[in-house]
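Keep in mind that what you see is a predicted model, and the values were worked out from it rather than measured. Atoms considered below: every heavy atom in the structure, side chains included; atoms not considered: hydrogens, waters and symmetry mates.
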2 protein chains.
Amino acid sequence: MADARIAALDRVLEVTVLLGRDMTTSLAAAGLTVARTTLLWRLRAAGPSTQRALADALGVSARNVTGLVDGLAEAGLVTREPHPTDRRATLVTLTPRAEALLTEMAAGRAGLAEQLFGGLPPERLDGLVSALDEVLERLRALVPDGAAS
Amino acid sequence: MADARIAALDRVLEVTVLLGRDMTTSLAAAGLTVARTTLLWRLRAAGPSTQRALADALGVSARNVTGLVDGLAEAGLVTREPHPTDRRATLVTLTPRAEALLTEMAAGRAGLAEQLFGGLPPERLDGLVSALDEVLERLRALVPDGAAS
DNA sequence: TGATATCGTGAAGGTACTTCACGGTGCAGG
DNA sequence: CCTGCACCGTGAAGTACCTTCACGATATCA
């Protein structure tokens, strides 16, 4: 009984580790890091944002966002524009290059999904998704929150 | 078709994020970090080990292990003993306090498994585990490897 | 207008990683 | 025996991610 649950946790933990490794290495090949990429995705989803908004969305300190944006700006993936009404704030905006890169990455993500789940019959896949949804619900209740997607 | 697979990937990714957050915060409450704890677990599984063996097992550089062991030694969780036959090497050994702590953490892990998977009927749990096993197999083929459990 | 909150960033610090260089040691082979 | 090479662990230097605290500039509200 409990063994099966621990087995499930172990599987999930191992998936976590391997997936993290895969993400880190494939992003590194593109000259990116996980943290910076997360910011990029958020920008793509939300459009030009203040650094404060990004900090809240990612669940990190505002100071940290300054550093991440510094790196992304230096890589030419992001620009700092003046906020139209609030002169304290800056609007972080994706460059066309970043947009292209993100589109490419979305394709890569679909490819990964295909590789990982392609062999599973639809019913098992559905079972997996719904089981993970229940787990996610419990998990969300456990974790004090931090970001959104 | 592809949508369901991407949905599955998204679920797995989100579980990864939340679980990582949970681990990090609960370990921090115990004055530990993920990296150091991984080393501790490895020591518990393998017994006293040289730093080189730990580096290989964790998939990190030997230099990094030096730093991790430094921190753990300072926290009184680990000691450096001379290797009985090889004077170049040192044997990293768990202190009784670390053993107790690890036992406690194992209980915590069982509790987490219970909380996350307790509501799932056995058949769905089995389905989850076997699906994750298949995914893990594909994942292992994808990732250049690094550590063991 | 003046107190107060907010935006972004400098300064300082901690952890987790890396590579490179180097001293100490183990282990053959000549 | 002793020389050369491989291996162990660590100092030095560097990168990335993250934090808190302090501060100047700006917005806001009474």
J.: Hydrophobic clusters here meaning ILVMFWY residues chained together by side-chain heavy-atom distances under 4.5 Å, can you tell me if A:V15 and A:L18 are in one?
T.: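 Shared cluster, yes.
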J.: Under the 3.5 Å rule, do the base of D:dG9 and the side chain of B:R52 count as making a donor-acceptor pair?
T.: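 A donor-acceptor contact between them is absent.
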J.: Please tell me whether B:L120 and A:L136 are part of a single hydrophobic cluster in this structure, the criterion being side-chain heavy atoms less than 4.5 Å apart.
T.: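 The answer is yes; both residues are in one hydrophobic cluster.
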J.: Does B:R80 have a side-chain nitrogen or oxygen under 4.0 Å from the phosphate oxygens OP1 or OP2 of D:dC8?
T.: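 So the side chain of B:R80 is outside the cut-off, no N or O lying under 4.0 Å from OP1 or OP2 of D:dC8.
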J.: Is there a path from B:V60 to B:L32 through hydrophobic residues (I, L, V, M, F, W, Y) whose side chains come within less than 4.5 Å of each other?
T.: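 Yes, it is one cluster - the side chains of B:V60 and B:L32 are joined through contacts under 4.5 Å.
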J.: So, for B:V92 and B:V78, which heavy atoms are closest and what is the spacing to 0.1 Å?
T.: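 So the two residues come closest at CG1-CG1, 3.6 Å.
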J.: In this structure, how many angstroms lie between the P atom of D:dC17 and the CG atom of A:L40, rounded?
T.: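 Atom-to-atom, A:L40 to D:dC17, this comes out as 12 Å.
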J.: May I ask you to verify if any side-chain N or O of A:S61 is less than 4.0 angstrom from the OP1 or OP2 atom of D:dC18?
T.: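 Checking A:S61 against D:dC18: no side-chain N or O falls below 4.0 Å of OP1 or OP2.
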J.: Mind checking whether A:W41 and A:L43 sit in one hydrophobic cluster, side chains of I, L, V, M, F, W, Y counted as touching below 4.5 Å?
T.: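 Shared cluster, yes.
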J.: Whole angstroms only, please: what is the CG-P distance between B:L32 and C:dG14?
T.: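 Rounded to whole Å, this separation is 18 Å.
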J.: Are any protein N/O atoms closer than 3.5 Å to N/O atoms in nucleotides 23-30 of chain D? If there are, list each pair with its distance.
T.:
{"from": "D:dA27", "atom 1": "OP1", "to": "A:R87", "atom 2": "N", "distance (Å)": "2.9"}

J.: Rounded to the nearest Å, what distance is computed from the CG atom of residue A:N64 to the P atom of nucleotide C:dG14?
T.: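 Value for this atom pair: 17 Å.
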J.: Side-chain N or O of B:T50 less than 4.0 angstrom from OP1 or OP2 on D:dC8?
T.: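 No, no such contact exists.
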J.: Would you kindly give the CG-to-P distance between A:L68 and D:dT15, to the nearest whole Å?
T.: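 Distance check: A:L68 CG to D:dT15 P gives 16 Å.
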J.: Find the distance A:L27:CG to D:dA16:C1' and express it as a whole number of Å.
T.: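 Atom-to-atom, A:L27 to D:dA16, this comes out as 14 Å.
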J.: May I have the distance from A:D70 (atom CG) to C:dA11 (atom P), rounded to whole angstrom?
T.: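 So the two atoms are 13 Å apart, to the nearest Å.
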J.: For a quick check of understanding: with a heavy-atom distance under 4.0 Å over all strands, which category does A:A62 fall into, base, sugar-phosphate or nothing?
T.: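 Base contact - A:A62 has a heavy atom under 4.0 Å of at least one base atom.
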J.: Which one, C:dC17, C:dG8, D:dT19, comes nearest to the side chain of A:R63?
T.: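 Nearest to the side chain of A:R63 among the choices is D:dT19.
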J.: What's the verdict on side chain to side chain donor-acceptor pair (under 3.5 Å) for A:R124 and B:S130, showing C-alpha distance, side-chain angles and the deciding distance?
T.: CA-CA 10 Å; A:R124 293 192 61 196; B:S130 67; 2.9 Å; yes
J.: Side chain of B:V60 only, please: which of D:dT19, C:dC17, C:dG8 is the nearest?
T.: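 That would be C:dC17.
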J.: Can you name the closest pair of heavy atoms from A:R138 and B:L116 and give their distance?
T.: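 It is CD-O, 3.2 Å.
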J.: Rounded to the nearest angstrom, tell me the gap between atom NE2 in B:H83 and atom C1' in D:dC7.
T.: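 Atom-to-atom, B:H83 to D:dC7, this comes out as 13 Å.
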J.: Using whole Å, what does the distance between atom C1' of nucleotide C:dT18 and atom CG of B:L58 come to?
T.: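 To the nearest whole Å, that distance equals 15 Å.
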J.: What nucleotide among C:dG10, D:dC8, D:dT10 has an atom nearest to a side-chain atom of B:Q51?
T.: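 The answer is D:dT10.
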J.: Taking the side chain of A:A89 as heavy atoms from C-beta outward, which of C:dG8, C:dT15, C:dT9 is closest to it?
T.: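 Shortest atom-to-atom distance from the side chain points to C:dG8.
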